[in-house]
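Step one of this worksheet: look at the structure below.
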Amino acid sequence: MNQIRASDAADMRRCRGDNLRRLLRGGYLGLLAAAIATTPSVAGPPYPVRAITVIVPFAAGGPTDVVTHIVTGHLAKRLGQQIIVENVVGAGGTTAAIRATRAAPDGYTLLMGHMGTHGSALAAYPQLVYDPVKDFAPIGMVVRTPVLVVVRPGLPVNDLADLIRYSSQHAEHIAMAHAGFGSISHATCTLLNTIGAIQPATRAFQGTGPALKALVAGRVDYMCDQIVGAAPRVKTGEVKALAISSVRRSPILPDVPTAAEAGVPSFEVSAWSALFAPKGTPQHVVDRLNAALGHALDDPEIRRALGSLGGEIPLADERSPSSLTGQVQREVSRWRPLSRPEAAPGGERVRQ
Ligand code: MLT
């Protein structure tokens, strides 16, 4: 028996050797190796299997919050899981962004970042502890939003030139609201102030939602807000819009001139909001979220909801993670020269 087993084993070894040689000769191993190398990444473990949190870096009721609620409603249905929207305010949106970079990179904590958190905040906070490119896994662009210059109804100005003139005549009294250093409202109005040599007192809020309420109440004089946040108040006449920062007028506010038409062509800005995950998030999770986001942006109901507020839906070629990386890089370069105004000679006055 032992002899028979020993010879069987020898035969089997020989046979395996022959097969291996045949495989090598026929290039099977080479083909196998090539197949492994070119097979798209495996689907990965099921995702998502529990609720996802999307952090909004500003107060409820502002444009980032509104956009997030519109889009996550669809994403939750598409992904089959609940999405919790958490408002984490402070430091012009950077508190939330820092929180997102420190979350587990598992797809269950995401950030609705924007032109501020991933662009102008770097100019406002030179020591910022995150890198908007290296510390995030971009998911995709959500919406583009022109910025409106809006004033309280009682302010005796009707256009941008009026605002600039009035500000120079009432330099001691003019007050601007914003959502914190580095936020979109802060960066864009700082740009306007630089162009128009406006030197306002400033008041920071936890988002442009509460800032806009202060404007309606007449506690501040003007601010720059994304159209998604300000348009409803412009339509009801609670605030006056002097100009829009885009190249063309918005179809939802056709009477509001572009900044170029209002004589300030260099006030041209397109803000945006986009979804980010912490760096290290698995590729299959990024792919799943990007696909779900694309589905949401093609949904007629979502397009109607964002469009009715003046939001511009990104085109198909603007929706990839790599396109978003390019946008972030351009934004960082664009705002870099804008240093903190209060660091400049003369300083910035703050109204309490
Ligand atoms: C908000 O949602 O309150 C705004 O996006 C804040 C900002 O101006 O950046």
Side-chain angles (χ1 to χ4, degrees), residues 54-72 85-100 110-125 128 132 141-150 176-193 200 202-216 220 222-234 239 241 244-246 267 269-276 305-306 309-312 327-328 331-332 334-335 338 340-341:
V54 176
I55 302 174
V56 169
F58 297 97
T64 320
D65 184 66
V66 168
V67 164
T68 305
H69 279 281
I70 291 173
V71 172
T72 54
V85 176
E86 189 185 350
N87 299 79
V88 176
V89 300
T94 58
T95 305
I98 292 168
R99 166 94 71 93
L110 308 175
L111 175 76
M112 187 62 79
H114 72 5
M115 189 207 87
T117 56
H118 285 66
S120 50
L122 269 85
Y125 306 97
L128 201 59
M141 179 69 71
V142 174
V143 70
R144 294 187 183 278
T145 53
V147 170
L148 294 172
V149 182
V150 284
M176 175 193 108
H178 63 84
F181 285 110
S183 63
I184 291 174
S185 47
H186 178 258
T188 53
C189 251
T190 300
L191 176 65
L192 178 69
N193 295 345
T202 61
R203 272 199 67 183
F205 293 81
Q206 293 185 335
T208 54
L212 203 54
K213 280 188 188 159
L215 190 68
V216 171
V220 288
Y222 74 105
M223 63 183 281
C224 298
D225 195 14
Q226 293 160 73
I227 191 168
V228 168
R233 302 268 193 181
V234 174
V239 296
I244 189 164
S245 68
S246 45
F267 185 63
V269 186
S270 178
W272 47 268
S273 289
L275 207 53
F276 295 86
L306 291 174
L309 293 170
E312 296 164 7
Q327 178 77 48
V328 172
E331 217 64 74
V332 170
R334 170 172 190 174
W335 294 102
L338 187 84
R340 292 182 69 149

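Ligands are counted one by one from 1 in listed order, and the atoms in each one are counted from 1 as well. Keep in mind the model is a prediction, meaning the values are calculated, not measured.
- The contact set between ligand 1 and Gly207, taken as ligand atoms under 4.0 Å from a residue heavy atom, comprises 3 (O).
- Counting heavy atoms closer than 4.0 Å to ligand 1, residue His186 contributes nothing at all.
- Counting heavy atoms under 4.0 Å from ligand 1, residue Gln226 touches it through the side chain alone.
- The shortest separation from a heavy atom of Ala59 to ligand 1 is not under 4.0 Å, leaving the residue out of contact.
- Note: no N/O pair closer than 3.5 Å links Gly209 and ligand 1 by distance alone.
- If you look at Ser183 next to ligand 1, the close heavy atoms, those under 4.0 Å, come from the backbone and the side chain alike.
- Close contacts between ligand 1 and Ser185 involve ligand atoms 7 (C), 8 (O), 9 (O) [criterion: under 4.0 Å to a heavy atom].
- Of all protein heavy atoms, the one lying nearest to atom 3 (O) of ligand 1 is Thr208 N, 2.7 Å.
- Heavy-atom proximity to atom 2 (O) of ligand 1, evaluated over Thr64, Val89, Thr145, is greatest for Thr64.
- Residues Thr117 and Gly92 come closest through the heavy atom pair CG2-O, 4.5 Å.
- Looking only at distances, no side-chain donor or acceptor of Tyr222 sits under 3.5 Å from a matching main-chain atom of Cys189.
- Listed by number with element, the atoms of ligand 1 under 4.0 Å from a non-hydrogen atom of Ala179 are 6 (C), 7 (C), 8 (O).
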